[in-house]
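Chain A is the first sequence line, chain B the second, and so forth, proteins listed ahead of strands; every chain is numbered from 1.
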Protein chains: 2
Amino acid sequence: MLKISELAALTGLSAHTIRFYEKHGLIEASKRSDSGYRYYSDADVKRAEFVKSARNIGFSLDDIGVLLSIRLDKQSHSCQEVTDITQNKLDEVNERLSELQAMQQTLERLLESCCGGPENATHCSIIEALDGGDVTVTRRAS
Amino acid sequence: MLKISELAALTGLSAHTIRFYEKHGLIEASKRSDSGYRYYSDADVKRAEFVKSARNIGFSLDDIGVLLSIRLDKQSHSCQEVTDITQNKLDEVNERLSELQAMQQTLERLLESCCGGPENATHCSIIEALDGGDVTVTRRAS
DNA sequence: TATAAACTTAGAGTTAACTCTAAGGTCAAC
DNA sequence: GTTGACCTTAGAGTTAACTCTAAGTTTATA
Ligand SMILES: [Zn+2]
Ligand SMILES: [Zn+2]
Ligand SMILES: [Zn+2]
Ligand SMILES: [Zn+2]
């Protein structure tokens with residue numbers, strides 16, 4: 001049984017974050033000492049590591065909640081439920097990637113066009129481009 | 001001179017957002033009617049369009065504030081100041097792109113590994129992968 | 001036994017960029 | 001001269017995921 005700081009060291013989450021996740025139903029300590037200290041079993045640690053992995057991939061805490069409930073009772077859930085969540089996340093990531101790639105291209109183009117030197121900006125092509133409005137249109141985050 | 005709703009229609013910003021930008025020093029109405037209505041001159045419109053362009057590229061409101069002050073007095077600023085802001089933004093975008101690309105790869109790999117079918121999830125390779133912790137490590141957002 | 005490190009809770013604060021509400025004043029048209 | 005669209009302000013609410021604080025309790029170490 002680990003104390004919260006030990007679980008924190010193991011997972012790389014802070015003790016604060018672990019308590020925060022607990023409040024959101026993602027992590028729990030299967031035991032409390034008489035004085036109220038949290039103690040984590042091996043199963044608790046595995047669960048925390050699952051949460052950390054899912055978080056690393058980019059799943060939201062809400063997604064992770066659903067994934068955990070599937071993990072807890074695999075019999076009652078289908079692979080399709082899992083791929084639905086995963087596909088939705090991938091769609092989201094792809095959408096954001098498109099936005100960022102558009103920004104990247106525009107920024108690179110702007111940087112190429114500007115001398116970047118120490119002289120004054122009266123001739124600056126970046127300022128001009130922004131003024132003219134002839135910048136690549138990037139989609140806003142949804 | 002345009003009223004706020006007309007500027008909104010022109011720029012695609014909402015009237016709320018225009019007032020919000022004004023509060024943050026980005027947009028201003030060079031005139032007010034006796035009753036307090038905002039009226040925007042051609043120069044105001046250009047400035048609002050500059051803000052909109054910069055926002056589309058992904059600059060933060062703070063960045064835009066700095067860009068506007070350069071735009072307002074180009075003599076006192078250098079191209080380098082402009083490229084610094086732009087380069088910093090590009091670095092940020094590139095960092096986020098790396099994170100998202102790692103997520104994308106992991107998610108695609110997970111989706112390939114799972115059957116996605118209607119049977120129960122006792123054998124689900126996505127759940128297994130998250131359990132095992134053997135997912136690609138993606139950097140967290142800074 | 002004394003001190004420091006670690007733990008507890010409830011709840012407030014952070015960030016960015018909006019987004020909305022309430023309560024009321026103004027303006028154009030019919 | 002009244003309806004309805006539009007305008008004003010101040011300020012609160014939203015979102016996600018933390019992050020921190022305060023005030024007090026417990027435990028480990030010397
Ligand atoms: Zn230059
Ligand atoms: Zn330049
Ligand atoms: Zn399957
Ligand atoms: Zn599966």
Side-chain angles (χ1 to χ4, degrees), chain A residues 1-29 31-40 44 48 51-52 54-66 68 88-89 92-93 96 99-100 103 138-142, chain B residues 1-29 31-40 44 48 51-52 54-66 68 88-89 92-93 96 99-100 103 138-142:
Chain A
M1 301 292 266
L2 303 180
K3 281 195 286 189
I4 195 166
S5 65
E6 294 165 328
L7 181 62
L10 204 64
T11 56
L13 302 167
S14 74
H16 272 308
T17 300
I18 292 170
R19 289 190 204 99
F20 172 78
Y21 283 177
E22 179 183 297
K23 196 157 46 180
H24 289 262
L26 302 185
I27 285 179
E28 62 171 344
K31 284 204 181 138
R32 290 287 189 122
S33 72
D34 289 351
S35 56
Y37 280 31
R38 291 168 176 83
Y39 282 94
Y40 297 92
D44 295 339
V51 171
K52 183 76 192 311
R55 197 73 199 86
N56 278 348
I57 293 173
F59 286 114
S60 69
L61 301 191
D62 279 359
D63 284 343
I64 295 172
V66 178
L68 281 169
N88 285 344
K89 187 70 209 174
E92 210 179 279
V93 165
R96 188 74 185 123
E99 292 168 7
L100 284 168
M103 288 183 199
T138 61
R139 281 169 281 165
R140 273 190 297 174
S142 54
Chain B
M1 301 291 266
L2 304 179
K3 281 194 286 190
I4 195 164
S5 64
E6 293 166 327
L7 180 62
L10 204 63
T11 57
L13 301 167
S14 74
H16 273 305
T17 299
I18 291 169
R19 289 190 203 99
F20 172 78
Y21 283 177
E22 178 183 298
K23 197 157 44 179
H24 289 262
L26 301 184
I27 286 179
E28 62 173 343
K31 283 204 181 139
R32 291 286 190 124
S33 72
D34 290 350
S35 55
Y37 280 32
R38 290 167 176 83
Y39 282 93
Y40 298 91
D44 295 339
V51 170
K52 184 73 192 313
R55 198 72 199 87
N56 278 347
I57 292 174
F59 286 114
S60 69
L61 301 190
D62 279 358
D63 285 343
I64 295 172
V66 177
L68 280 169
N88 286 343
K89 188 70 208 175
E92 208 179 282
V93 165
R96 189 75 185 122
E99 292 169 6
L100 284 168
M103 288 183 200
T138 61
R139 279 170 283 168
R140 275 188 296 176
S142 56

Undergrad: Is any side-chain heavy atom of A:Arg38 closer than 4.5 Å to a side-chain heavy atom of A:Leu2?
TA: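 The answer is no, as the side chains (C-beta and beyond) never meet within the 4.5 Å cut-off.
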Undergrad: Can you measure A:Asp63 atom CG to D:dT15 atom C1' for me and round it to whole angstrom units?
TA: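 About 15 Å, once rounded to whole Å.
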Undergrad: How about A:His16 and A:Phe20: are their ring centroids closer than 6.0 Å?
TA: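 Aromatic pair excluded; centres sit 6.0 Å or further apart.
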Undergrad: Can you name the atoms? Protein N/O to nucleotides 2-7 of chain C N/O, anything below 3.5 Å, with the distance.
TA:
| residue | atom | partner | partner atom | Å |
| --- | --- | --- | --- | --- |
| C:dA6 | N3 | A:Tyr37 | OH | 3.4 |
| C:dC7 | OP1 | A:Ser5 | N | 3.2 |
| C:dC7 | OP1 | A:Ser5 | OG | 2.7 |
| C:dC7 | O4' | A:Tyr37 | OH | 3.4 |

Undergrad: Starting at atom NE2 of A:His16, determine the distance to atom P of D:dA22, rounded to an integer number of angstrom.
TA: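 Those two atoms, NE2 and P, are 12 Å apart.
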Undergrad: When the distance from CZ of A:Phe20 to P of D:dT15 is rounded to whole Å, what number comes out?
TA: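 Rounded to the whole Å, the gap is 14 Å.
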Undergrad: What's the CE-P distance between B:Met1 and C:dC27, to the nearest Å?
TA: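 So the CE-P distance, B:Met1 to C:dC27, works out to 15 Å.
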Undergrad: Given atom CG of B:Asp34 and atom P of D:dC7, what is their separation to the nearest angstrom?
TA: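 It is 17 Å, rounded to the nearest whole Å.
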Undergrad: So do A:Leu7 and A:Tyr39 actually touch side chain to side chain, heavy atoms under 4.5 Å?
TA: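 No, their side chains stay 4.5 Å or more apart.
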Undergrad: Rounded to whole angstrom units, what separation is found between the CG atom of B:Leu26 and the P atom of C:dC18?
TA: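 One finds 10 Å between P of C:dC18 and CG of B:Leu26, rounded.
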Undergrad: In this structure, how many angstroms lie between the P atom of D:dC18 and the CD1 atom of A:Ile18, rounded?
TA: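 It is 12 Å, rounded to the nearest whole Å.
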Undergrad: Taking CG from B:Asp62 and C1' from C:dT15, how many angstroms apart are they, rounded to a whole number?
TA: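 Taking atom C1' of C:dT15 as the reference, CG of B:Asp62 is at 11 Å.
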Undergrad: Do the side chains of B:Glu28 and B:Arg19 get close enough for a salt bridge, i.e. N-O under 4.0 angstrom?
TA: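 Salt bridge flag = no for B:Arg19 with B:Glu28.
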Undergrad: Is any side-chain N or O of B:Ser35 closer than 4.0 Å to OP1 or OP2 of C:dC27?
TA: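 Yes, such a contact exists.
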Undergrad: Does the side chain of A:Tyr21 come within less than 4.5 Å of A:Ile64's, by heavy atoms?
TA: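 With C-beta onward as the side chain, the pair stays apart.
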